[in-house]
Amino acid sequence: MATEIELDINGKRRAIHTEPDTTLLSALRDQLDLTGTKYGCGEGQCAACTVLMDGSPRRSCLTRATTAAGKKIVTIEGVAQNGRLHPVQQAFLEEQAFQCGYCTPGMILTALALLKSNPDPSDDEIAQFMEGNICRCGTYPRIVAAIHRAARMMRSSAHES
Amino acid sequence: MIPEPFEYHIPKNLEEASRLLAQFGGEGKILAGGHSLVPMMKLRLAAPKHLIDLGRLTDLKYIRESDGRIEIGALTTHFQIQSSSLLKEKCPLLPETAREIGDVQVRNKGTIGGSLAHSDPAADWPAAILALAGEIQARNVSSSRWIPASEFFVDLLTTALGGDEVLTAIRVPVAPPRSGHAYLKLHHPASGYAMVGVAAQVLLNEARHIESASVGVTGVGPKAYRATAVEEALRGKAPSRQNLEAAAAHAAEGIDVNSDLYASAEYRSHLAQVYTRRALEKALERAHGK
Ligand SMILES: Cc1cc2nc3c(=O)[nH]c(=O)nc-3n(C[C@H](O)[C@H](O)[C@H](O)COP(=O)(O)OP(=O)(O)OC[C@H]3O[C@@H](n4cnc5c(N)ncnc54)[C@H](O)[C@@H]3O)c2cc1C
Ligand code: FES
Ligand code: FES
């Protein structure tokens, strides 16, 4: 029993069809070719599938696509603006905060939500907020460094403007 | 990672949800935050034929105070409880417990009603709701009842909810003056669930002795429980370290203690005693501060 619905993804309205078991993750990856959102475990353990729903981080593998209707969804593809990387993305590059990169999209989206609520987090606050996002390559110290760097970049650009 | 096929229903109101639940009998299941049920379906540990999604029942998402009690709608998320200023003032044990659940993503989606209905033996809410002597509202098509927390948790993943009942609300008393609370948890290093979680609330009398203490324990047995022997041992006592230690020694008394790869039953019982003593100490410290 397929149903057609529309989702607001990265500011665009996109039509998808949903079966009872369609997750937001599979709609993004398999129907919309937005493969930046990663399928890690599919069962809620790793947070590689994190997207922002109305600004707050969610696991898309445990979220039914229909639940996302009417909400503003941001995936990693919607983070850069006008061809310019977001400071969090830039900071991950500069700190080389990944090895294989599989966890990176989810890490970046969770970090975005963190910096929105807390523009200058401590190491502990970063560890606490990011605890669900698993990095199998163990690049955590670099991820923490990248978030500090992004926070500095965002604070100084906020001063300029 | 692919669940068995099922049909999906999204009722517009509680009445319709209860009607569907009654209609499908044992083959229907409620979907709230989906953070326990969806993984279980993907692992095929659960295979309901009909899913009844409460997502549109936004009137079950609230936190309010009336007549000295706090009432929380079943669909309120862990994060809403963690960040509620009303609760921080009137029933701080609840935000303190919410903070310990899973991670940000889980707290943004998982609901208190879902957690209680699921009754995972290592979930956090059952300990807190037991310690607060809370009540849980269950409704079916024709009637509604309040179930005391002490009767709600029946066994591993089993509660007193009838097959046709929707859990709609939770209510707990506002924390009285001269009371203190604490939730202490040892996180399982991989899953983050409670190896041991102890929720304590203590009430002091005018002489600053313990008028009463209530202690809810999770992670230790097949279901969360009230450590009644600990509570009895503290009644009327001075809050000395010795008295606390002697009382906490009863923390796992009479419980069929879980044993797994990570912690033997002996180690878990020991943890239960240590965490019970520490939770009581912290609760007493806060009660004295008032
Ligand atoms: C990575 C991860 C880590 C987690 N860590 C923790 C943790 O540390 N501590 C902890 O306590 N929990 C933890 N959880 C579980 C989480 O708190 C769940 O959100 C919660 O247990 C279930 O709530 P839900 O709203 O997601 O319910 P669902 O998964 O939707 O439902 C769970 C069960 O309850 C039933 N149900 C749900 N709502 C109702 C209702 N209103 N009436 C009747 N029946 C209902 C469903 O039919 C189902 O059987 C974790 C989950 C994940 C994925
Ligand atoms: S893919 Fe969603 S948590 Fe792992
Ligand atoms: S960089 Fe490989 S999983 Fe994090």
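Lettering follows sequence order; numbering is per chain, from 1.
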Looking at every heavy atom in both Glu125(A) and Asp120(A), which two are closest together, and how far apart are they? OE1-O, 4.2 Å

Interface moiety of Ile10(B) toward chain A, non-hydrogen atoms closer than 4.5 Å: neither

CG/Leu60(B) to CD1/Ile72(B) distance, rounded to the nearest 0.5 angstrom? 13.0 Å

So, taking the atom named CZ in Arg58(A) and the one named OG1 in Thr110(A), what distance separates them when rounded to the nearest 0.5 Å? 12.5 Å

Strictly below 4.0 Å, N to O, side chains only: are Lys72(A) and Asp8(A) in salt-bridge contact? yes

Nearest-0.5 Å distance that lies between atom OG in Ser60(A) and atom NZ in Lys38(A): 11.5 Å

Okay, Cys41(A) and chain B: the region with an atom under 4.5 Å from a heavy atom over there is backbone

Grab the two heavy atoms, one from Ala151(A) and one from Leu115(A), that are nearest each other, plus how far apart they are. CB-CD2, 3.9 Å

Side chains of Leu51(B) and Lys29(B): closer than 4.5 Å at any heavy-atom pair? yes

For the side chain of Ser83(B) and the backbone of Phe79(B), is there at least one donor-acceptor N/O pair under 3.5 Å apart? yes

Taking every non-hydrogen atom, the tightest pair across Val220(B) and Ala272(B): CG2-CB, 3.9 Å

What residue pairs, at least two apart or across chains, pass side-chain hydrogen bond (donor to acceptor under 3.5 Å, both in side chains) with a residue in residues 38-55 of chain B? Tyr8(B)-Asp53(B), His9(B)-His50(B)

Let me confirm one number: the CG-CD1 distance from Leu21(B) to Ile30(B), rounded to the nearest 0.5 Å. 4.5 Å

With a 4.5 Å heavy-atom cut-off (strictly below), which parts of residues 132-150 of chain A touch chain B? List them by number. Gly132(A), Asn133(A)

On a heavy-atom basis, the closest approach of Ile5(A) and Ala65(A) is CD1-O, 3.9 Å

How close do Ala27(A) and Ile16(A) get, counting heavy atoms only, and between which atoms? CB-CD1, 3.7 Å

How about residues 94-120 of chain B versus chain A: which residues have heavy atoms under 4.5 Å apart? Gly102(B), Asp103(B), Val104(B), Gln105(B), Val106(B), Arg107(B), Asn108(B), Lys109(B)

Within 6.0 Å of CD in Gln96(A), more than 12 heavy atoms from elsewhere: no

Which atom names give the shortest non-hydrogen contact between Arg268(B) and Asp260(B), and what distance separates them? NH2-OD2, 3.0 Å

Spell out the residues in residues 185-197 of chain B that have some non-hydrogen atom less than 4.5 Å away from a non-hydrogen atom of chain A, in order of number; otherwise answer 'none'. none

Honestly, the part of Thr67(A) sitting under 4.5 Å from a heavy atom of chain B is side chain

Would you mind checking which part of Leu31(B) comes under 4.5 Å of any heavy atom in chain A, side chain (CB onward), backbone (N, CA, C, O), both or neither? side chain

